[in-house]
Amino acid sequence: MAVFIASAIIIFVLVYNNTIDKNKFIADNEKYFELIREDDYNFLVYAKYGEDVDVDKLFRSRVTYALVAGVGFMFIFLSQLTAINVVLAIVIAVAVFKLPYTQLKNYYKAHLHEIDVMLPYYLKSLEVLIQHYTVPVALGKSINDAPDIFKPGLRKLIEQINAGDSSIDPYMEFANTYPVRDSMRMMRLLYRLGLGSQERKQERLMMFSRTVSNLQNKARETKYKERLNHMEGQTMIMLVITGAGVMLIILISMMMMFNV
């Protein structure tokens, strides 16, 4: 451990004194590092931190920490550098590189329930816009007021549509990105809203509206059940504490009686 710490300190000093210019090294090899960037990394970063975060800076930090960890491990066995040690150094570097991505994935999965509750309310506001604009225009206008977690997916959806993709694929990709209750069905309905004549649009809009209202009712029921379960849990805790307190008082009283 002492050797590892000393190695890490040496590398830090070299980087700090610009003996090793990590930024130049990463910049010169950026095209190679981009090959290992996960396809959904940008989306996951935006989903957690919002759209103001510098995704490229975070990614470069991942690369830097991974390189430092790998080189630091090799420093430990510099006097007896073997193929196994090199492989272990690579494994450690990969593990350090993947850890932030795994944390982002876990954060996203943990917040899928919140997305499930928020989606119907976003779709309701979108429904109002669709009454006055085409579906792609309504999607674009909805971004500013949409929940932050939807914004990256919406921007990608609109970019694909503006690029000329008139198929259902961009909508299905959005649904796959947010795999919550009825997301597939809602995206299919949304896609169909952009097809056909004005008369057909009104008919499909009514169907879309009814479905959104049903989803809102389910979301309200979910919130109510969660609130009820929370209250029941708090009540149960109070009953247990009260019962334990009463038992303790009775036990103390009995011990005092026996002592007398």
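Position 1 is the first residue of the sequence, and the numbers go up from there. What you see is a predicted model; the values in this text were computed from it and never measured.
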Subject >> Arg188 NZ/CZ over Tyr171 ring centroid, <6.0 Å and within 45° of normal >> reply: no

Drop me the distance from [X]'s [atom1] to [Y]'s [atom2], to the nearest 0.5 angstrom.
X      : Y      : atom1 : atom2 : value
Leu189 : Met186 : CG    : CE    : 5.5 Å
Lys141 : His132 : NZ    : NE2   : 11.5 Å
Ile168 : Met184 : CD1   : CE    : 9.5 Å
Leu44  : Lys48  : CG    : NZ    : 10.5 Å
Lys57  : Thr64  : NZ    : OG1   : 11.5 Å

Subject >> From CA spacing to verdict: side-chain contact (heavy atoms from CB on, under 4.5 Å), Leu67, Phe97 >> reply: CA-CA 9 Å; Leu67 290 175; Phe97 177 76; over 6 Å; no

Original post:
Looking at residues at least two apart in the chain, or sitting in another chain, which of them share a ring pair (Phe, Tyr, Trp, His ring centres under 6.0 Å) with Tyr108?
Top reply: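 Result, ring pair (Phe, Tyr, Trp, His ring centres under 6.0 Å) vs Tyr108: Phe43.
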
List for me each residue that meets side chain to side chain contact (heavy atoms under 4.5 Å, CB included) alongside [X], sequence neighbours excluded, and say none if there are none.
X      : answer
Ser125 : Tyr122
Ile143 : Lys151, Leu154, Arg155, Ile158
Leu58  : Tyr41, Val45, Tyr49, Val53
Asp169 : Asp165, Ser167

Original post:
Should Phe174 and Leu139 be marked as a side-chain contact (heavy atoms from CB on, under 4.5 Å) after you check the CA-CA gap, both sets of side-chain angles, and the distance that decides it?
Top reply: CA-CA 12 Å; Phe174 183 89; Leu139 286 168; over 6 Å; no

**OP:** Any pair with a residue in residues 97-111 that passes salt bridge (Lys or Arg N to Asp or Glu O under 4.0 Å), sequence neighbours left out, goes on the list, sorted by first then second residue, please.
**Re:**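 Of all non-adjacent pairs touching residues 97-111, those that pass salt bridge (Lys or Arg N to Asp or Glu O under 4.0 Å) are Glu38-Lys98, Asp40-Lys105.
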
Original post:
Does a sphere of radius 6.0 Å around NZ in Lys156 hold more than 12 heavy atoms from other residues, nucleotides or ligands, not counting ones at 6.0 Å or beyond?
Top reply: no

**OP:** Step through the shown structure and confirm whether more than 12 heavy atoms of other residues, nucleotides or ligands are within 6.0 Å of OH on Tyr191.
**Re:** yes

Subject >> Shared hydrophobic cluster for Met172 and Leu193 (ILVMFWY, side-chain gaps under 4.5 Å) >> reply: yes

Original post:
Does one hydrophobic cluster hold both Tyr101 and Ile36, with members joined at side-chain heavy-atom distances below 4.5 Å?
Top reply: yes

**OP:** Would you please test Ile161 and Val135 for side-chain contact (heavy atoms from CB on, under 4.5 Å) and show each step?
**Re:** CA-CA 10 Å; Ile161 293 174; Val135 172; over 6 Å; no

**OP:** Apply salt bridge (charged side-chain N to carboxylate O under 4.0 Å, His left out) to the pair Lys124 and Glu127, showing each step before the final yes or no.
**Re:** CA-CA 5 Å; Lys124 194 66 177 178; Glu127 174 197 335; 3.3 Å; yes

Subject >> Where Ala138 and Ile130 come nearest, the two heavy atoms and their spacing >> reply: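 Nearest heavy atoms, Ala138 then Ile130: CB-CG1, 3.8 Å.
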
